[in-house]
Amino acid sequence: MDSLTLVCTFSLLAGGLYWFVCVLGSAEQKGKRAMDLSGGSISREKVEDNYNQYWSFFRRPKEIEKKEKVPAFVDTFYNLVTDIYEWGWGQSFHFSPSIPGKSHKDASRLHEEMAVDLINVKPGDRILDAGCGVGGPMRAIAAHSKANVVGITINEYQVNRARMHNKKAGLDSLCEVVCGNFLEMPFSDNSFDGAYSIEATCHAPKLEEVYSEIYRVMKPESLFVSYEWVTTDKYDGDNSEHREVIQGIERGNALPGLRNYDQIAEIAKKVGFEVVKEKDLAIPPSKPWWSRLKMGRIAYWRNHLLVTVLTWLGIAPKGVVDVHEMLFVTADFLTRGGESGIFSPMHMILCRKPAESS
Ligand SMILES: C=C(CC[C@@H](C)[C@H]1CC[C@H]2C3=CC[C@H]4[C@H](C)[C@@H](O)CC[C@]4(C)[C@H]3CC[C@]12C)C(C)C
Ligand SMILES: C[S@@+](CC[C@H](N)C(=O)[O-])C[C@H]1O[C@@H](n2cnc3c(N)ncnc32)[C@H](O)[C@@H]1O
């Protein structure tokens with residue numbers, strides 16, 4: 001091989017690698033690149049161990065049910081997945097019905113704005129976001145309503161990401177982020193003019209515990225809306241395929257156990273709320289929320305290859321490949337849950353704290 005061929009081959013390889021990593025690996029919404037994938041607050045040499053630790057929770061399901069074990073379990077999960085979510089999905093960690101002619105980003109924002117419109121918020125009100133992630137919904141809601149949003153998440157890495165995004169978006173005067181457990185919130189009684197939670201309370205082993213905490217911090221007569229992950233009336237516990245799909249969803253999403261839709265209002269009432277409205281937002285005429293997952297399949301293979309190469313090159317920490325693989329499998333269970341209608345990630349419940357609360 002002469003030197004010209006050698007230079008050309010090398011340039012081609014280098015260009016190809018740059019294109020593969022930097023172009024194909026660019027973030028779904030600017031903010032996170034494949035090159036920057038990490039294990040959240042976990043040091044890079046411990047990512048693989050933490051992934052194994054995450055799975056070990058499912059070998060001892062009784063542990064997950066214990067209130068004091070939940071923060072560690074959920075926190076580990078979000079350390080492992082937060083970067084991959086941001087890179088491959090965006091800053092809003094939830095689903096939304098597809099809207100013909102609208103982008104995923106717009107459909108997601110409209111789903112978020114609907115939540116705040118339901119709780120009748122005025123500019124300047126102080127509202128709670130229970131389980132705020134990296135703050136995608138919080139920023140959309142603050143910009144739309146001009147309310148002051150206080151978000152809480154158990155994961156410190158997400159707190160830092162959310163604060164950074166808030167500042168970058170120029171919304172840090174309206175958005176505050178607190179690291180803490182929504183089962184024991186560091187807020188005073190009757191201190192919020194409203195509250196919402198988007199696809200987050202499903203992480204609580206007992207829904208009454210998080211609902212009663214939200215109830216406590218809300219002012220009398222204010223409203224709370226939640227988008228709950230549930231099994232629907234189509235779910236049949238005697239059907240082994242249904243059980244396999246639901247167990248797959250639980251394991252890939254750090255869920256201590258999915259609840260059936262008919263338990264949600266009962267629990268809300270039990271803690272003292274009046275139920276104003278309840279509706280599964282996934283039911284037609286809503287368009288499938290899972291189509292975004294299906295459309296991404298080719299991109300998932302590309303991502304998997306990319307993550308494998310980056311790990312092999314020592315750029316991404318060991319263990320990121322396993323986490324990506326787990327999400328890949330989870331996407332399939334979620335799609336099956338959506339297509340069969342046995343699962344919904346958007347069972348909406350709107351509640352009021354009565355004027356005279358006990
Ligand atoms: C509400 C929760 C999270 C819901 C969704 C935001 C996430 C559920 C499954 C995730 C994903 C699955 C496949 C990944 C893909 C293999 C990768 O290449 C890029 C990221 C994914 C698309 C990832 C993105 C986020 C989800 C859709 C739960 C936790 C309560
Ligand atoms: C799927 S994410 C949704 C985030 C956000 N609502 C969104 O839609 O982008 C679930 C969120 O709930 C938070 N969470 C789960 N359990 C929690 C707990 N016990 N206390 C506080 N936050 C919790 C997670 O840290 C994460 O931020």
Side-chain angles (χ1 to χ4, degrees), residues 39-40 42 46-85 88-89 93-95 131 133 153-155 158 199-207 210 227-232 234-261 263 289-290 292-294 296-297 300 303-304 307 318-347:
I42 305 168
K46 296 213 173 109
V47 174
E48 205 171 22
D49 277 358
N50 274 260
Y51 173 74
N52 295 328
Q53 200 185 320
Y54 171 73
W55 274 107
S56 75
F57 277 108
F58 291 102
R59 283 194 287 276
R60 290 172 278 122
K62 284 273 163 275
E63 296 282 285
I64 314 174
E65 283 165 25
K66 290 188 198 143
K67 189 173 157 183
E68 59 280 10
K69 299 276 177 188
V70 172
F73 165 66
V74 176
D75 188 32
T76 302
F77 175 78
Y78 281 105
N79 274 326
L80 296 170
V81 302
T82 294
D83 276 355
I84 301 184
Y85 276 18
W89 197 255
F93 297 173
H94 62 80
F95 293 106
T153 166
I154 195 78
N155 183 261
Q158 291 189 337
E199 301 187 25
T201 50
C202 49
H203 288 295
K206 292 200 172 68
L207 192 64
V210 54
Y227 295 164
E228 293 291 335
W229 278 36
V230 292
T231 52
T232 68
K234 293 208 171 97
Y235 175 70
D236 172 8
D238 293 328
N239 180 322
S240 58
E241 203 182 324
H242 287 189
R243 284 202 311 274
E244 186 205 352
V245 169
I246 296 305
Q247 196 182 70
I249 292 176
E250 289 167 352
R251 294 188 167 200
N253 295 285
L255 305 180
L258 270 171
R259 288 169 267 274
N260 193 245
Y261 78 101
Q263 293 173 268
W289 54 266
W290 60 92
R292 183 175 173 190
L293 280 175
K294 277 183 97 166
R297 276 210 189 132
Y300 302 164
N303 289 355
H304 196 67
V307 168
K318 259 192 182 163
V320 171
V321 179
D322 305 295
V323 178
H324 190 266
E325 172 85 39
M326 172 187 82
L327 293 179
F328 187 88
V329 172
T330 305
D332 204 50
F333 281 121
L334 285 162
T335 307
R336 284 168 66 189
E339 279 178 338
S340 59
I342 63 170
F343 162 74
S344 170
M346 49 190 76
H347 183 89

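Model, not experiment: these values are computed from the prediction.
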Classify the ring geometry of H304 against F328: parallel below 30°, tilted from 30° to 60°, perpendicular beyond 60°.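 Tilted: the ring planes of H304 and F328 meet at 30° to 60°.
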F73 vs Y54 aromatic rings, parallel, tilted or perpendicular, using cut-offs 30° and 60°? parallel
Smallest separation among heavy atoms of [X] and [Y], with atom names:
| X | Y | result |
| --- | --- | --- |
| A254 | F77 | CB-CG, 3.4 Å |
| G248 | F333 | CA-CD1, 3.5 Å |
| C202 | P256 | O-CD, 3.6 Å |
| T335 | K294 | CG2-CG, 3.4 Å |
| V47 | V320 | CG1-N, 4.3 Å |
| T231 | N260 | OG1-ND2, 2.9 Å |

Can any side-chain N or O of H242 pair as donor or acceptor with the backbone N or O of G237 at less than 3.5 Å? no
Any donor-acceptor pair under 3.5 Å from N253 side chain to I249 backbone: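 At least one qualifying donor-acceptor pair exists.
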Report the distance from atom [atom1] of [X] to atom [atom2] of [Y], rounding to the nearest 0.5 Å.
| X | Y | atom1 | atom2 | result |
| --- | --- | --- | --- | --- |
| Y85 | Q158 | OH | CD | 9.5 Å |
| D49 | I42 | CG | CD1 | 9.5 Å |
| W290 | E339 | CH2 | CD | 7.0 Å |
| F95 | S344 | CZ | OG | 10.5 Å |
| I246 | R251 | CD1 | CZ | 13.0 Å |
| K46 | Q53 | NZ | CD | 10.5 Å |

R297/D332 under salt bridge (charged side-chain N to carboxylate O under 4.0 Å, His left out): CA gap, chis, key distance, verdict: CA-CA 9 Å; R297 276 210 189 132; D332 204 50; 2.9 Å; yes
The test is side-chain hydrogen bond (donor to acceptor under 3.5 Å, both in side chains); show your working for T201 and E228 and say whether it passes. CA-CA 7 Å; T201 50; E228 293 291 335; 2.5 Å; yes
Please test E325 against V329 for side chain to side chain contact (heavy atoms under 4.5 Å, CB included), starting from the C-alpha separation and ending with a verdict. CA-CA 6 Å; E325 172 85 39; V329 172; 4.2 Å; yes
Given side-chain hydrogen bond (donor to acceptor under 3.5 Å, both in side chains), test N155 with N79 step by step and report yes or no. CA-CA 7 Å; N155 183 261; N79 274 326; 3.1 Å; yes
Heavy-atom check, side chain of [X] versus side chain of [Y], under 4.5 Å:
| X | Y | value |
| --- | --- | --- |
| W289 | M346 | yes |
| R243 | N239 | no |
| V230 | L258 | no |

Flag this pair as yes if the NZ/CZ of R292 is under 6.0 angstrom from the six-membered ring centre of W89 and inside a 45 degree cone about the axis; otherwise no.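 Judged by the rule (NZ or CZ under 6.0 Å from the ring centre, within 45° of its axis), R292 counts as positioned above W89.
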Is it the case that the ring center of Y235 lies less than 6.0 angstrom away from the ring center of F343?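 Ring centroids of F343 and Y235 are no less than 6.0 Å from each other.
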Applying side chain to side chain contact (heavy atoms under 4.5 Å, CB included) to H203 and V210, what does each step give before you reach the verdict? CA-CA 10 Å; H203 288 295; V210 54; over 6 Å; no
Apply side chain to side chain contact (heavy atoms under 4.5 Å, CB included) to Q263 and L207, showing your working. CA-CA 9 Å; Q263 293 173 268; L207 192 64; over 6 Å; no
Yes or no on side chain to side chain contact (heavy atoms under 4.5 Å, CB included) for Y300 and L327, after CA distance, side-chain angles and deciding distance? CA-CA 9 Å; Y300 302 164; L327 293 179; over 6 Å; no
Atom CD of E241 with >12 non-hydrogen neighbours under 6.0 angstrom: no
